[in-house]
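Below you'll find the structure, written out as structure tokens, and then a few comments.
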Amino acid sequence: MKILLLRAAPRKSGATNAFADAFAKGLRAAGADFCDVNLCSKKIAPCAGCYKCCAFDSECPIDDDMSGLLQLVRASDVVACFSPVYFYGMSSVLKAFFDRCFPLIGKSSHTPFCADTKASGSLMKRLLAFSVASGRISTFEPLSKHYEFIARGLGMSLTNIRRGEAVYFANLKHNSKRVKKIFDSVEKLGREIALGEVSDDTVASIELPIAPSDEAFFARAKIYWNILRS
Ligand SMILES: Cc1cc2nc3c(=O)[nH]c(=O)nc-3n(C[C@H](O)[C@H](O)[C@H](O)COP(=O)(O)O)c2cc1C
């Protein structure tokens with residue numbers, strides 16, 4: 001089982017990278033064969049929409065880090081993406097990465113994305129999408145749908161994980177017991193992925209709501225945004 005961990009969070013010391021660290025710890029503990037890549041430090045130009053990658057004997061003409069990343073995707077059984085939620089979507093570096101995955105389906109499908117219910121590609125891999133947002137669960141609706149269609153387009157199965165209320169992860173040095181439990185569950189997720197099966201309990205314990213009330217959430221959110229702005 002080969003796992004490709006893709007970090008797509010610009011803030012090095014933010015919550016998303018902290019979760020990716022916990023996931024990597026779990027992978028390591030299970031002896032997984034994995035590659036840990038920070039997409040933010042890679043050169044990934046936007047797709048030019050030239051369709052050269054669909055042509056019979058042609059590759060993507062853009063000369064950057066994406067050809068190496070595509071090789072890693074091809075060689076992996078699981079692609080695990082960790083991204084913050086930005087404007088109800090994924091971070092821009094991850095979007096650029098997925099657009100540049102077009103060569104993975106370009107030649108294999110006569111009509112990519114034209115059939116709503118059919119996969120365009122047939123990668124037969126698992127996409128693990130781990131998203132982190134300051135807002136609560138409804139924030140993830142558009143992105144979860146997007147991941148569903150991306151996985152379908154590429155012919156991958158999807159494990160979608162949404163960790164909202166990042167307002168509770170602003171200062172990771174002052175971890176509460178609840179926050180620690182969530183990080184332990186992310187580590188467990190790493191161990192489970194390495195063994196090929198993710199339990200519903202693990203996903204539920206990662207996604208567990210934290211705020212006891214709307215008032216508590218908004219009070220905490222105020223503190224969070226002040227910390228980020230300072
Ligand atoms: C450009 C930008 C857009 C954002 N959009 C959203 C959003 O749509 N919904 C939300 O809940 N949080 C949003 N946030 C907050 C981040 O998702 C949140 O702070 C997350 O924890 C960032 O991850 P990080 O701690 O790894 O940087 C946004 C933050 C930025 C910088």
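Indexing begins at 1, ligand by ligand and atom by atom, following the structure's order.
- To the nearest 0.5 Å, atom CZ of residue R74 and atom CG of residue L69 are 11.5 Å apart.
- Here the CG atom belonging to L189 is positioned 4.5 Å from the CD1 atom belonging to I161, to the nearest 0.5 angstrom.
- Of the candidates V85, N17, L143, it is V85 that places a heavy atom closest to atom 6 (C) of ligand 1.
- On a distance-only criterion, F87 and ligand 1 share at least one N/O pair closer than 3.5 Å.
- Shown in contact with T16 at under 4.0 Å from a heavy atom are these atoms of ligand 1, numbered in order with element: 23 (O), 24 (P), 26 (O).
- Pairs passing the ring-ring contact (aromatic ring centres under 6.0 Å, His included) check and including a residue from residues 11-41, sequence neighbours excluded, read F19-F130, F19-F169, F19-F183, F23-F82.
- Under a 3.5 Å cut-off, the side chain of R220 and the backbone N or O of E165 do not form any donor-acceptor pair.
- Of the heavy atoms in T139, only side-chain atoms (C-beta onward) come closer than 4.0 Å to ligand 1.
- Given atom 8 (O) of ligand 1, the protein heavy atom at minimum distance is Y88 N, 2.9 Å.
- For ligand 1, the atoms closer than 4.0 angstrom to any heavy atom of G135 are 10 (C), 11 (O).
- Residue-to-ligand polar distances place S134 within reach of ligand 1: an N/O pair is separated by less than 3.5 Å.
- Using a 4.0 Å heavy-atom cutoff, F19 is absent from the residues neighbouring ligand 1.
- Remark: ligand 1 and W225 share no N or O pair separated by less than 3.5 Å (distance only, no angle test).
- Less than 4.0 angstrom separates some heavy atom of R11 from each of these atoms of ligand 1: 24 (P), 25 (O), 27 (O).
- Between the side chain of S185 and the main chain of K181, a donor-acceptor pair closer than 3.5 Å is present.
- The ligand atoms of ligand 1 that sit less than 4.0 angstrom from a heavy atom of V132 are 17 (O), 20 (C), 21 (O).
- Between A15 and ligand 1, a contact under 3.5 Å exists for at least one N or O pair.
- Checking side-chain atoms of R7 against main-chain N and O of C40 turns up no donor-acceptor pair under 3.5 Å.
- A distance-only check finds a donor-acceptor pair linking the side chain of D77 to the backbone of K2 [under 3.5 Å].
- Taking a 4.0 Å cut-off on heavy atoms, Y224 registers as neighbouring ligand 1.
- Residue P84 has no nitrogen or oxygen atom sitting less than 3.5 Å from a nitrogen or oxygen atom of ligand 1, judged on distance alone.
- Using modelled atom types, no side-chain atom of R136 and backbone atom of G164 make a donor-acceptor pair closer than 3.5 Å.
- With a 4.0 Å heavy-atom cut-off, ligand 1 is reached by the side chain of A166 but not by its N, CA, C or O.
- The protein heavy-atom contact nearest to atom 31 (C) of ligand 1 is Y86 CE2, 3.6 Å.
- Of all heavy-atom pairs between V198 and E192, the closest is CA-OE1, 3.4 Å.
- Without hydrogens or angle criteria, S91 side chain to A8 main chain gives a donor-acceptor distance under 3.5 Å.
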